[in-house]
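Note that the structure is predicted; figures quoted are calculated from it, not measured.
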Number of protein chains: 2
Amino acid sequence: MYNSANVAERQSQAPSLAISTVIFALRTDPSSGASEIWLPLVRRIRQPHLGKWALPGGPLGARESLQDAAARNLRETTALDPTYLEQLYAFGGLDRSATQRLVSIVYWALVRPDQADLARDSENVRWFRASEAVGLAFDHDEIVAYALERLRGKVTYGSVAYHFLGDRFTLAQLRGVYEAVLGKHLDPANFRRQLRSAQDIAATDEVLQGGRNRPPRLYRYTGP
Amino acid sequence: MYNSANVAERQSQAPSLAISTVIFALRTDPSSGASEIWLPLVRRIRQPHLGKWALPGGPLGARESLQDAAARNLRETTALDPTYLEQLYAFGGLDRSATQRLVSIVYWALVRPDQADLARDSENVRWFRASEAVGLAFDHDEIVAYALERLRGKVTYGSVAYHFLGDRFTLAQLRGVYEAVLGKHLDPANFRRQLRSAQDIAATDEVLQGGRNRPPRLYRYTGP
DNA sequence: ACAAAAGTGTTTAAAGTACACCCATGA
DNA sequence: TCATGGGTGTACTTTAAACACTTTTGT
């Protein structure tokens, strides 16, 4: 299949391999009360694309798995542990970086809002609304768009939405996640029925006090 | 984020990167007439796992995209062009290979049976039933199982099944694809309705002559 | 004429959608 | 008591599943 000259030529210019991570968190707009998707970006401190914002990432350690490297990205940029972490896609186009041939295996993570508040912005790390994360370094605009697409696909069927929330949540909060991800309004009555039939949540005997209206019941996630 | 010592240490032992491809084709059992999924494997001609069967693959060329490398895998092992080619997953566990740290970006492809018949077995390339492809080199058993899972997921919603067939096909042939992939019987009447409402196939004015029974109409795929 | 697959129609159940209505709380 | 979101009930539409039935060919 391969003659030795080809193999030697290819390996002499072996592409570099990096792991990057798209980190999503939910924040509630204080004025409207609606939930929005945010993500943290890091400022490039070297060429190429010096000064631009980019996804957190770096080279793969010799003794860490792909998933471990992605978790390390997350920890180093936000000091958070992921509640959800999954491989997104491997990007390897020829023109991704001007200075070298670069293959990036990208992961995506979900973190909880109470955690995300702890991770404050710093000089080189800043949180952005997902809709305003444009003009990024490399092909990271496309990567973020692809991650959002995957998020939408996963939330419709699957149990991803819970990982945006704490261990106790109201159905309205959960519906807020769905609405933020899908970008459309959902009927509260039907939403309630669909989830209760899904069987992976259970009602607790607690309610959330302190709101302006009738206190909603708290639920917890019982699935895998 | 990274101190220079860490970067230097990691890059000094940079993991090698390879591209592999799972190639699926459909073959019809001459006795029962049922369709089955087959895939070609190549015999290892060097250590590790010398003599075992493995997925076609090799290193990534410096001037080819990931997808191009996968298409090259396909061409070099079967002399076929893919009708469908998509990234499957990146595998990067620490213990995938005993001799080196190896990260494999795996693609999966579908080819047509008339093409697959042209690609004859040779000394180091042999076609296997998907259910009998076990005991492979490295972690390729898991990779094949994962590819089959993805295939099942894609065939239920999506237009993947057509790529197993030629440009003209009967609804019974298409149903055979679904049944082979999903591993269960489907009602011919309901199958017909579901697909005609999907709108991505169109009836031609031809029928398939030569069978024992009423000649079925030929359809063609009109989707993307 | 008969067997066997192609193709059509009908019935029933399940799931999704829309919306009217009552309940409980803070202000 | 009033506004507001929590929570329930119900009619309607769409979709899927099961299966009886008719049509067309080769033998």
Worksheet entry | Residues from residues 161-182 of chain B lying under 4.0 Å of DNA chain D - heavy atoms | none
Worksheet item: How would you list all residue pairs meeting ring-ring contact (aromatic ring centres under 6.0 Å, His included) that involve residues 182-214 of chain A, not counting sequence neighbours?
Response: A:Tyr178-A:Phe191
Worksheet entry | Rounded distance in Å - CG (A:Leu186) to C1' (D:dG7) | 17 Å
Item to complete: For A:Glu132, check side chain to side chain contact (heavy atoms under 4.5 Å, CB included) against everything at least two apart and list the hits.
Response: A:Arg129
Discussion item. List the residues meeting salt bridge (Lys or Arg N to Asp or Glu O under 4.0 Å) with B:Asp141, not counting sequence neighbours, and say none if there are none.
Written reply: none
Worksheet, complete the sentence: Taken in chain and number order and not counting sequence neighbours, the residues that satisfy side-chain hydrogen bond (donor to acceptor under 3.5 Å, both in side chains) with B:Tyr89 are none
Every protein N/O within reach of nucleotides 22-25 of chain D N/O, cut-off under 3.5 Å:
unit_1: D:dT23; atom_1: O2; unit_2: B:Arg214; atom_2: NH1; d: 2.8

Practice prompt. Name all residues meeting the side chain to side chain contact (heavy atoms under 4.5 Å, CB included) criterion together with B:Ser35; count only those two or more places apart in sequence or in a different chain, and write none if there are none.
Written response: B:Leu26, B:Thr28, B:Ala180
Practice prompt. Applying side chain to side chain contact (heavy atoms under 4.5 Å, CB included), name anything that partners A:Ala137, two or more places apart in sequence or on another chain.
Written response: A:Arg44, A:His49, A:Lys52, A:Ala54
Worksheet entry | Protein-nucleotide distance (A:Asp187, atom CG; C:dA20, atom P), rounded to Å | 11 Å
Worksheet item: What is the distance from CD of A:Gln194 to P of D:dT8, rounded to the nearest Å?
Response: 15 Å
Discussion item. Suppose we screen for side chain to side chain contact (heavy atoms under 4.5 Å, CB included). Which residues come up paired with B:Ala145, at least two apart in sequence or across chains?
Written reply: none
Discussion item. In this structure, how many angstroms lie between the P atom of C:dT25 and the CZ atom of A:Arg217, rounded?
Written reply: 11 Å
Fill in: For atom CG of A:Leu218 and atom C1' of D:dG6, their distance in whole Å
13 Å
Fill in: For atom CD of A:Glu206 and atom C1' of D:dG6, their distance in whole Å
17 Å
Fill in: Sequence neighbours excluded - ring-ring contact (aromatic ring centres under 6.0 Å, His included) pairs with any residue from residues 20-43 of chain B
none
Worksheet, complete the sentence: Minimal heavy-atom distance between B:Leu74 and B:Leu80, with the atoms involved, is CG-O, 3.7 Å
Fill in: Within 6.0 angstrom of B:Glu142 CD, more than 12 heavy atoms from elsewhere
no
Worksheet item: What string of B, S and - do you get for nucleotides 9-14 of chain C, 5' to 3', when a contact is any protein heavy atom under 4.0 Å?
Response: BB----
Worksheet, complete the sentence: Separation of D:dA18 atom P from B:Arg192 atom CZ, nearest Å, is 18 Å
Discussion item. Suppose the criterion is salt bridge (charged side-chain N to carboxylate O under 4.0 Å, His left out): which pairs have a residue in residues 166-193 of chain B, not counting sequence neighbours?
Written reply: B:Arg168-B:Glu206, B:Arg175-B:Glu179
Worksheet item: Rounded to the Å, how far apart are A:Phe191 CZ and C:dT17 P?
Response: 13 Å
